[in-house]
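Each residue takes its place number in the sequence, starting with 1. Basis for what follows: all heavy atoms, side chains included, without hydrogens, waters or symmetry-related copies. Read the numbers this way: they start at 1 and go in the same order the structure lists the ligands and their atoms.
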Amino acid sequence: MANQQAFLDRCLEAKEAASRMRAPLIIHHYDCDGLSSGALAASWFEEQDRKYSMRAVRKLDEALIKELVGEPEIIFVDLGSGSPFIEELKGNVIVIDHHQPQHKSHLQANPHLFGFDGGSELSAAGCAYFVFRTSVDLGIVGAVGDIQYPLRSLNRIMLEEGISQGKVSSSTDLRLFGRNSRPLKQLLLYADEPYLPGLTGQEDGCDGFLSGFGIPQKTGDKWRTYSDLSLEEKKQLVSALAQHLSSRSSPEASSRLVGEVYTLLSRPQGTELSDASEFSTLLNACGRNNRAELGVAVCLSRAGAYEESQLLLAEHRKNLRAGISFAVKNTQDFGKFLLLDARGIISDSIIGVVAGMVHPGSRLKPILALSLEEEGKIKLSTRGTRQLVEAGLNLGKILSEACAAVGGVGGGHNIAAGATIPENRLDDFLLEFASRL
Ligand code: C5P
C-alpha cells in the first residue's frame, strides 16, 4: 500500500537535513532527469543564498565511491539508491532518488520506499520537487524526460501544484517536437517521436504530404508553424498524420501522436524551453554529449546557456534520427524479446533513448538494445511498455540478476533499465535475460 504522507514526511526530513549542510556536493546523473533534479536542488541552495558544488556522473560505481570517501557532505540526486557501495561513505549523505533501492543506508527520499513506483509515478526531479518545493517546472521536465507519461499519481499531484502556482499549464495536442518553434515541413521532416515513415528525413514526402491537403506552408514571407494553424487546419493535419501512421507504422504509433502536453509558463515562450518535452530533449542533448554543466546552466537560466545548447541539440536530434532509422530496419525478433544490435553504429550515450522510441509492430515484447561502451564492454538498454509492467515485468530486477550472473552491473526501473557487461559474456547474458522474461 502506498503511503503518501510517509513519503512527504521523508521528503521534509531530507530538506531539513539539507538545511543543516554547510556546502554540500550535489552529485547527479547526466540524463534529463538527472540534470533537472540536480538543477532543482541547486536552485534551492541559490534561493537560500547558500553554498554548494555540483558534479554530473554517468554511473555511481565503486571507483567513484572511493574518490568520495573523504567528502563531508553529499547529496546524491537521481542515483544512490541502486548502489550498495554508498554504504561505505561515512560523511553526511542524503539520497534523493527514484531507482529501485538495493540497500537501506543513509537518509533516502525515494518513492519506492513508500509503495510508489519510481519508474512511472515519480522521477528524481519530482522527488527533488517534493523535498525542496521549488522549480516545479523542472520536476515536470524530469518526469517527461524519463517517459513517465501520462503523468499520474505523485507526478499528477506535482503537475496540479505547478498549475496552481501558475508555472505550468497542460492541454491535449500534437506531441511532435517543434510544435511552436519549427516550420511545418521541418516539423515532419525531423520527427522522431513518433517516427513518421515516408516523412521523417524525406523532403519530397513532406512536401507531397502537406500539399496533398492544401495547407499553405507560408503566410507572406513567414514559414508557418503548427501553432500558427487555425483549429480546422490543426485537426486536418493531425487526422491525416494519424491515418498515415496507422497505415505505414502501427495504431500504437499513431496513438502517441496526440496527448497531454505541458507548457512551462515562466520560461521564454516560443522556444524549446516553454515545452516540457522539448526542454527534456535539449537536456538529453547536453548531458548525453558530455555537456551536463551546460544543461544545468540552461535549467538555472544562466545567460548565454540556451543559445550555446542549440548546436548540441541539432547534433543530438540528427544522431537520434539516424539511430531510429537504423533501429527500425535492424530490430530482430528473438522470441521473448526484440533485439537491436547497434554495436559500432549507435553511440552508448543515446542507445537508451533510441530503444525507448522504437516501437516495431505493437511492441508486445521488451526491446533489448546493444551498443559498445568501450573496448570489450557492452552498454545495453532495455525498455518495456506500461502493459508489460502491469502484467508483472520488472526489467530493473531482471537486469540486476542477469548481470550478476555474467560479471556485469545493471539495474533501473521496471519499465526501463540499463547495464554494462563484458562483451565476451554476451551469449550467456542473452540466455540469462531470456530465462527471466
Ligand atoms: O542507460 P539507460 O538509459 O538504458 O538506463 C535506463 C535506466 O536504468 C536509467 O534510469 C538508469 O539510471 C538505470 N540504470 C541503472 N543501472 C545501470 C544502468 C542504468 O540503474 N547500470
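- Any N or O atom pair closer than 3.5 Å counts here, and H99 shares at least one such pair with ligand 1.
- For atom 17 (C) of ligand 1, the closest heavy atom belonging to the protein is G418 O, 3.3 Å.
- Interface atoms of ligand 1 facing K379, defined by a heavy-atom separation under 4.0 Å, are 1 (O), 2 (P), 4 (O).
- Under 4.0 angstrom from ligand 1, the non-hydrogen atoms of R383 all belong to its side chain.
- Between F132 and W44, the angle of the ring planes lies from 30° to 60°, which puts this pair in the tilted group.
- The closest approach between a heavy atom of Q100 and any atom of ligand 1 is not below 4.0 Å.
- In terms of N/O distances under 3.5 Å, ligand 1 is approached by G411.
- Nearest heavy atom pair, residue A143 against residue L151, reads CB-CD2, 3.8 Å.
- Looking at K66 and E88, no side-chain N of the basic residue comes within less than 4.0 Å of a carboxylate O on the acidic one, giving no salt bridge.
- In this structure, C286 SG and L313 CG are separated by 8.0 Å, a value rounded to the nearest 0.5 Å.
- Taking the six-membered ring where tryptophan is involved, the planes of H98 and H413 are tilted, since the angle between them lies from 30° to 60°.
- Ring pair F334/F337 is tilted by interplanar angle, where 30° to 60° counts as tilted.
- Residue H413 has at least one heavy-atom neighbour below 4.0 Å for each of these atoms of ligand 1: 10 (O).
- Closest to atom 7 (C) of ligand 1 among all protein heavy atoms lies A416 O, 3.7 Å.
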